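These notes concern the structure reproduced below.
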Amino acid sequence: MSRADAAVTGGTRAPSPLWQLSLFRSEVGSVFRRWRTVALLGVLAAVPVLVGIAVKIETRGGGTVGHEGGGGGPAFISQVTNNGLFLVFTSLAATLPFFLPMAIGVVAGDSIAGEASSGTLRYLLVAPAGRTRLLLAKYASTLVFCLAATLVVTVSALAVGALLFPLGEVTLISGTNVSFGEGLLRALAIAGVVALSLTGVAAVGLFVSTLTNSGIAAMATTVGLLITVQILDQFPQLHAVQPYLFPHYWLSFADLLREPVYWDQLLDNLRLQALYAAVFGSAAWARFTSRDVTA
Amino acid sequence: MARIEPTQVAEGPEGHRTPARRKAVRYAVPVAVAGLAAATIGLVPALAKSGDPDLPKISAEDLIAKVAKSDVQQMSGSVKVTTDLGLPSLPGGASLGALGAGHDGKKGGADVSPQAKLTELASGSHTLRVAVDGPDKQRVSIVEPAAEYSLIRNGDQVWAYDSGSNTVHHSTAPRGKADAGQHAGPEELKGASPQELAKKALAAVDDSTSVSVGGTAKVAGRDAYQLVVKPKAEESTVGSVRIAVDAKTGVPLKFTLSPKSGGKAAVDAAFTKVDFAKPGASTFDFTPPKGAKVTEDKGDGAQRDHKGALPATPGEMSGLDVVGKSWTSIAQFKAPAGASKDSKAKGGGLGKNAGGAGALLDTLGTKVSGPFGSGHVFSTRLVNVLMTDDGRVYAGAVTKEALIKAAK
């Protein structure tokens with residue numbers, strides 16, 4: 001850390017909140033201006049379209065989807081033909097294991113290492129914002145991307161569902177009927193929970209990103225880590241450690257569709273994500289504030 | 001003093017600490033967060049477990065009377081059921097329990113009848129949510145990943161809904177006879193709730209059983225007495241049954257059946273959350289969702305046979321000979337043709353096949369011989385089964401020796 005830099009962070013003068021906001025705004029802008037980000041969001045938006053069309057074609061003759069074997073394919077897919085809102089849940093269940101976290105891994109892995117590899121990191125550090133604040137802004141903009149990615153899937157699924165399938169009263173998985181309005185509220189809550197489920201992997205990606213000067217390496221490591229952990233989560237022999245793997249409770253968002261809502265695993269999930277965010281966020285902070293930036 | 005404060009170190013101007021020292025202090029933060037989390041995960045359950053509640057002393061008789069008198073009509077809660085009967089699992093994921101009920105897994109459409117689901121509970125760990133409002137309104141749901149299996153009884157209507165396959169099973173039950181156990185319905189699944197298990201265990205209490213009060217415990221945040229039921233008979237494989245009884249209402253909150261061989265409990269059913277308020281009326285409403293496949297169930301008489309699925313009650317199986325009583329009862333029946341090594345009856349042509357079957361029996365069970373001739377014993381943690389070579393089968397929650405003695 002340079003002396004000038006340290007003098008600013010150590011100083012008693014707090015920058016005005018507006019200045020912090022502008023750093024955050026410029027980071028969010030630089031994330032969403034990238035063609036890569038737009039392409040990722042486009043792929044995510046295409047998933048519900050594909051699922052919706054596939055279900056529509058398969059059930060054209062009046063058949064039901066996933067009938068053979070009783071429940072193949074992603075969760076909730078058998079209800080999609082009866083209520084388009086279920087396409088939201090199916091799409092989120094289909095994208096949450098890999099598509100969504102992969103996109104987060106790309107954005108989070110790129111956040112610091114990408115700046116370092118393109119040689120712009122040192123210019124960012126020259127600005128009197130301090131490394132801690134820069135890191136916070138980077139993490140916050142990644143979280144904004146988490147929310148945006150989830151909402152893109154949700155909105156696209158809702159649009160496709162409304163176009164291709166009937167909407168109406170929603171039968172929750174407990175067999176209780178609720179109005180479409182409440183169903184929509186629950187869908188929004190689920191989108192929020194899914195976005196929060198991604199905060200852990202975002203923190204891991206941010207930490208990996210502070211370790212290297214190569215953006216590609218950081219992205220590949222984050223996505224590779226994600227796939228490894230997802231595979232480890234499948235081995236029954238590892239059930240003792242599985243509750244501590246970050247994807248373990250991801251599908252618990254479905255518990256919001258029970259009546260009454262089953263909170264246990266939802267809360268476990270949020271606690272686990274907070275823990276990952278705290279551990280890897282502080283590790284990223286420790287690494288980023290104490291390393292020499294040469295690029 | 002100020003030099004110890006981590007914020008001072010982290011934010012202070014350079015010069016107080018060498019860069020290496022500062023680095024170490026910074027890296028200590030994530031390590032401390034992880035350590036704190038690990039300590040919390042490790043310590044909180046331990047702290048919650050300690051401190052058994054202080055309750056006035058009660059005799060075993062009074063406690064049993066309390067359970068019998070308990071008249072809780074309205075409650076809801078979550079139950080965690082863990083069963084480890086030591087059933088050998090077969091290749092392809094089918095468990096022996098599923099075969100026993102005559103269902104070949106999920107091939108040819110999902111089976112949503114309550115009986116198929118009950119056998120699913122016979123292994124592994126499951127979370128159930130229950131709600132009861134009087135004798136006419138009950139609901140049991142099995143919480144599955146991203147799906148739920150619900151059994152809802154409202155008056156004489158009994159619905160089973162499987163959200164995973166979007167299928168509904170409908171049957172009718174005679175109104176107002178919830179306690180008679182004469183019909184299919186949530187009772188089938190309630191068989192796994194702590195109350196029903198406790199009822200069955202207490203029904204077996206007679207002079208062959210020792211009953212004592214084994215201290216107190218906290219279950220689902222409520223103070224409870226522990227009732228310990230132990231079979232006196234040497235040959236029983238049941239080590240003990242512990243029932244935690246809610247001190248206020250007399251409702252059994254936890255049921256643990258431990259085999260004599262020790263180790264993990266064979267059956268453990270406990271409330272993790274319980275609420276004695278009236279559940280919302282909409283809890284018991286059900287209309288089949290649009291597009292769901294509905295199967296109607298007409299005859300409910302045939303379903304009584306499945307009551308024996310829990311090993312503690314072999315006496316309830318129909319069409320069987322039962323020798324002995326209560327804990328040491330042994331079910332005795334003739335094996336279905338072809339299941340045994342009954343080669344004499346089938347003639348020499350099948351000798352080769354029978355030899356193959358015999359080899360299979362040899363790998364699954366142990367060969368024994370006694371006054372009855374010879375046969376194979378199949379052991380699980382709780383139930384032993386003796387299959388003699390002439391096609392008789394003896395089964396019970398008793399030791400091998402007792403089975404051999406019973407076979408004669």
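None of the values given here were measured: they were computed from a predicted structure. Just so it is clear: chains get the letters A, B, ... in the order the sequence lines come, proteins before strands, and each one is counted from 1.
No other option in Arg271(A), Glu169(A), Gln265(A), Arg258(A) has as many heavy-atom pairs under 4.5 Å with chain B as Arg258(A). Chosen from Pro260(A), Ala284(A), Gly281(A), Ala283(A), the residue pairing most often with chain B at heavy-atom distances under 4.5 Å is Pro260(A). Ranking Thr283(B), Thr272(B), Val143(B) against chain A, the residue ahead of the rest is Val143(B), based on heavy-atom pairs under 4.5 Å. The candidate from Gly175(A), Ala254(A), Pro166(A) with the greatest count of non-hydrogen atom pairs under 4.5 Å with chain B is Gly175(A).
Residue contact with chain A, scored on non-hydrogen atoms closer than 4.5 Å, involves the backbone of Ala147(B) exclusively. Of the atoms belonging to Leu172(A), it is backbone heavy atoms, and not side-chain ones, that fall under 4.5 Å from chain B. For chain B, the nearby part of Phe76(A) is the side chain; its heavy atoms alone come within less than 4.5 Å. When heavy atoms are compared at a cutoff of 4.5 Å, Val31(B) does not approach chain A at all. The part of Ser78(B) that comes within reach of chain A is its side chain, from C-beta onward, which places non-hydrogen atoms under 4.5 angstrom from that chain. Using a 4.5 Å cut-off between heavy atoms, Thr127(B) touches chain A through its side chain atoms alone.
Summarising the geometry, atom CZ belonging to Phe284(B) is positioned 10.5 Å from atom OG1 belonging to Thr176(A); distances are rounded to the nearest 0.5 Å. The line from OG of Ser174(A) to OH of Tyr161(B) is 9.5 Å long, rounded to the nearest 0.5 Å. Between atom CG of residue Asn166(B) and atom CZ of residue Phe86(A) there is a gap of 8.0 Å, rounded to the nearest 0.5 Å. Atom CD of residue Glu148(B) and atom CG of residue Asp255(A) lie 8.5 Å apart, to the nearest 0.5 angstrom.
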**Message:** Assess the residue pair Ile41(B) and Tyr244(A) against the criterion (side-chain contact (heavy atoms from CB on, under 4.5 Å)); give the C-alpha distance rounded to whole Å, side-chain angles, the decisive distance to 0.1 Å, and a yes or no.
**Reply:** CA-CA 10 Å; Ile41(B) 290 164; Tyr244(A) 308 108; 3.2 Å; yes
**Prompt:** Please walk me through it: do Ser163(B) and Gln79(A) pass side-chain contact (heavy atoms from CB on, under 4.5 Å)?
**Reply:** CA-CA 8 Å; Ser163(B) 84; Gln79(A) 279 106 318; 4.0 Å; yes
**Prompt:** Would Arg26(B) and Ser282(A) satisfy side-chain contact (heavy atoms from CB on, under 4.5 Å), going step by step from the backbone distance to the final call?
**Reply:** CA-CA 8 Å; Arg26(B) 298 208 162 187; Ser282(A) 59; over 6 Å; no
**Item:** side-chain contact (heavy atoms from CB on, under 4.5 Å) assessment of Asn177(A) paired with Thr287(B)
**Value:** CA-CA 8 Å; Asn177(A) 285 313; Thr287(B) 40; 2.6 Å; yes
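Ala278(A) and Val33(B) make their closest contact through CB-CG1, 3.7 Å (heavy atoms, listed as atom of the first residue, atom of the second, distance).
Each of Val170(A), Asn82(A), Thr171(A), Asn83(A) was evaluated against Pro289(B); a single residue qualifies, Thr171(A), per the side-chain contact (heavy atoms from CB on, under 4.5 Å) test.
With a 4.5 Å cut-off on side-chain heavy atoms, Asp264(A) and Lys273(B) count as touching.
Under a cut-off of 6.0 angstrom, the local environment of CZ in Phe99(A) is sparse, with at most 12 non-hydrogen atoms contributed by other residues, nucleotides or ligands.
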